[in-house]
Amino acid sequence: MDYRITSMSAEETREWGKQLGRHLRKGDVVALIGDLGAGKTSLAQGIGEGLGVTGPMPSPTFTLIQEYGGQNQGAKVRLVHMDLYRLQHPQEVEVIGVEEFFAEDTVCLIEWPEIAEDYLPENRLVVEILGSGEQPRKIVFHTYDETWDVRIKDIIHFRERLGGPQ
Ligand SMILES: Nc1ncnc2c1ncn2[C@@H]1O[C@H](COP(=O)(O)OP(=O)(O)OP(=O)(O)O)[C@@H](O)[C@H]1O
Ligand SMILES: [Mg+2]
């Protein structure tokens, strides 16, 4: 299923991320798709906040992979934030060990996931952000199984109850 929402500002994108983060569990993989400056890192930072990460979450553009300690309902969660923009060949996905982060104790967020397409688990959540600059963003949650449908509907209903713009 596809679920579409609108975000009018970086803060709102971050807030959507925060709500999403609160619904993430160990083993989840979230692919973040969108052009340069679309808001993938902004959303990821919100996800980190929702998972209780304290301290800054800089863009992993140069480090490729950043790891954080988070928690969900009191249980520790490892949060991994990747940016594969700088990879040139699919073999490099294996070299940096991307698959090792699709692990039971980890929530894995991947910016520029296209090069790793063949390695991504089937039940990933794909979040596509459309728009750039100061334009509002369309954010599309592409789900491939029911556990994600339940969670995304919950997040959207929660935001509707707050009366935020949709
Ligand atoms: N509605 C919005 N949602 C997200 N970001 C927005 C929005 N409106 C404006 N912005 C701005 O767009 C920029 C998004 O930058 P961000 O680093 O999150 O993008 P990115 O998709 O991670 O880019 P890159 O591909 O370079 O990693 C920020 O400067 C942010 O303030
Ligand atoms: Mg980024």
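Counting convention: from 1, in listed order, for ligands and their atoms alike.
The N/O atoms of Ser42, backbone and side chain alike, include one that comes under 3.5 Å of an N/O atom in ligand 1. For a threshold of 3.5 Å applied to N or O pairs, the pair formed by Ala38 and ligand 1 contains at least one separation below that value.
Side-chain contact between Leu79 and Leu24 is absent, with no heavy atoms from C-beta onward closer than 4.5 Å. By the 4.5 Å heavy-atom criterion applied to side chains, Trp112 and Asp83 are counted as neighbours. Looking at Glu111 and Tyr85, their side chains never come closer than 4.5 Å, going by heavy atoms from C-beta outward. Between Thr54 and Tyr68, every side-chain heavy-atom pair lies at or beyond the 4.5 Å cut-off. Considering only heavy atoms from C-beta on, Phe62 comes within 4.5 Å of Arg86 through its side chain. In this structure the side chain of Arg4 never reaches within 4.5 angstrom of the side chain of Lys138, judged on heavy atoms.
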Solution key, residues 25-36 side-chain donor-acceptor pairs under 3.5 Å, sequence neighbours excluded:
| unit_1 | atom_1 | unit_2 | atom_2 | d |
| --- | --- | --- | --- | --- |
| Lys26 | NZ | Lys76 | O | 3.3 |
| Asp28 | OD2 | Arg25 | N | 2.6 |
| Asp28 | OD2 | Arg151 | NH1 | 2.8 |

Under 3.5 Å, side-chain donor or acceptor atoms of residues 87-96 against the rest of the protein: list the pairs with distances, not counting sequence neighbours.
| unit_1 | atom_1 | unit_2 | atom_2 | d |
| --- | --- | --- | --- | --- |
| Glu92 | OE1 | Gln88 | N | 2.5 |
| Glu92 | OE1 | His89 | N | 2.8 |
| Glu94 | OE2 | Tyr119 | OH | 2.7 |

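Contacts between Trp112 and ligand 1 below 4.0 angstrom, taking non-hydrogen atoms only, involve the side chain exclusively. The part of Asp35 lying near ligand 1 is the backbone, judged by heavy-atom distances below 4.0 Å. The parts of Thr41 lying near ligand 1 are both backbone and side chain, judged by heavy-atom distances below 4.0 Å. Contact annotation: for Glu111 versus ligand 1, heavy atoms closer than 4.0 Å belong to the side chain alone. Residue-level proximity to ligand 1 for Ser9 is carried by the backbone, the only part with a heavy atom below 4.0 angstrom.
Nearest protein heavy-atom neighbour of atom 9 (C) of ligand 1: Gly133 O, 3.3 Å. Here the protein heavy atom with the shortest distance to atom 4 (C) of ligand 1 is Thr13 OG1, 3.3 Å. The protein heavy-atom contact nearest to atom 20 (P) of ligand 1 is Lys40 N, 3.5 Å. The single protein non-hydrogen atom nearest to atom 6 (C) of ligand 1 is Arg137 NH2, 3.3 Å, given as residue, atom name and distance. The protein heavy-atom contact nearest to atom 13 (C) of ligand 1 is Gly37 O, 3.7 Å. Protein heavy atom closest to atom 19 (O) of ligand 1, with residue, atom name and distance, is Gly39 N, 3.1 Å. The protein atom (non-hydrogen) at minimum distance from atom 31 (O) of ligand 1 is Ala10 CB, 3.5 Å. Closest protein heavy atom to atom 26 (O) of ligand 1: Leu36 CD2, 3.5 Å.
Within the 4.0 Å cut-off (strictly below), no protein heavy atom is located near atom 29 (O) of ligand 1.
By the side-chain contact (heavy atoms from CB on, under 4.5 Å) test, Gln19 is found to be paired with Glu15, Arg22, Ile155, Phe158, Arg159, residues two or more places apart in sequence or in another chain being considered.
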Full working for side chain to side chain contact (heavy atoms under 4.5 Å, CB included) between Trp16 and Ile156
CA-CA 9 Å; Trp16 280 105; Ile156 291 174; 4.1 Å; yes
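Taking the charged nitrogens against the carboxylate oxygens, Glu117 and Arg124 do have a contact shorter than 4.0 Å, which makes a salt bridge.
Atoms of ligand 1 lying under 4.0 Å from at least one heavy atom of Met8, given by number and element, are 1 (N).
Under the 4.0 angstrom criterion for non-hydrogen atoms, Ser7 is in contact with ligand 1.
For the 3.5 Å distance criterion, the side chains of His81 and Gln45 fail to qualify, holding no donor opposite an acceptor. Remark: the Arg78 side chain and the Thr106 side chain contain an N/O donor-acceptor pair separated by less than 3.5 Å.
Taking hydrophobic clusters as Ile, Leu, Val, Met, Phe, Trp and Tyr residues chained together by side-chain heavy-atom distances below 4.5 Å, Val107 shares a cluster with Met57. Val150 and Phe141 end up in different hydrophobic clusters when Ile, Leu, Val, Met, Phe, Trp and Tyr side chains are linked at under 4.5 Å.
The number of protein N/O/S atoms found under 2.8 Å from the Mg ion (ligand 2) is 2.
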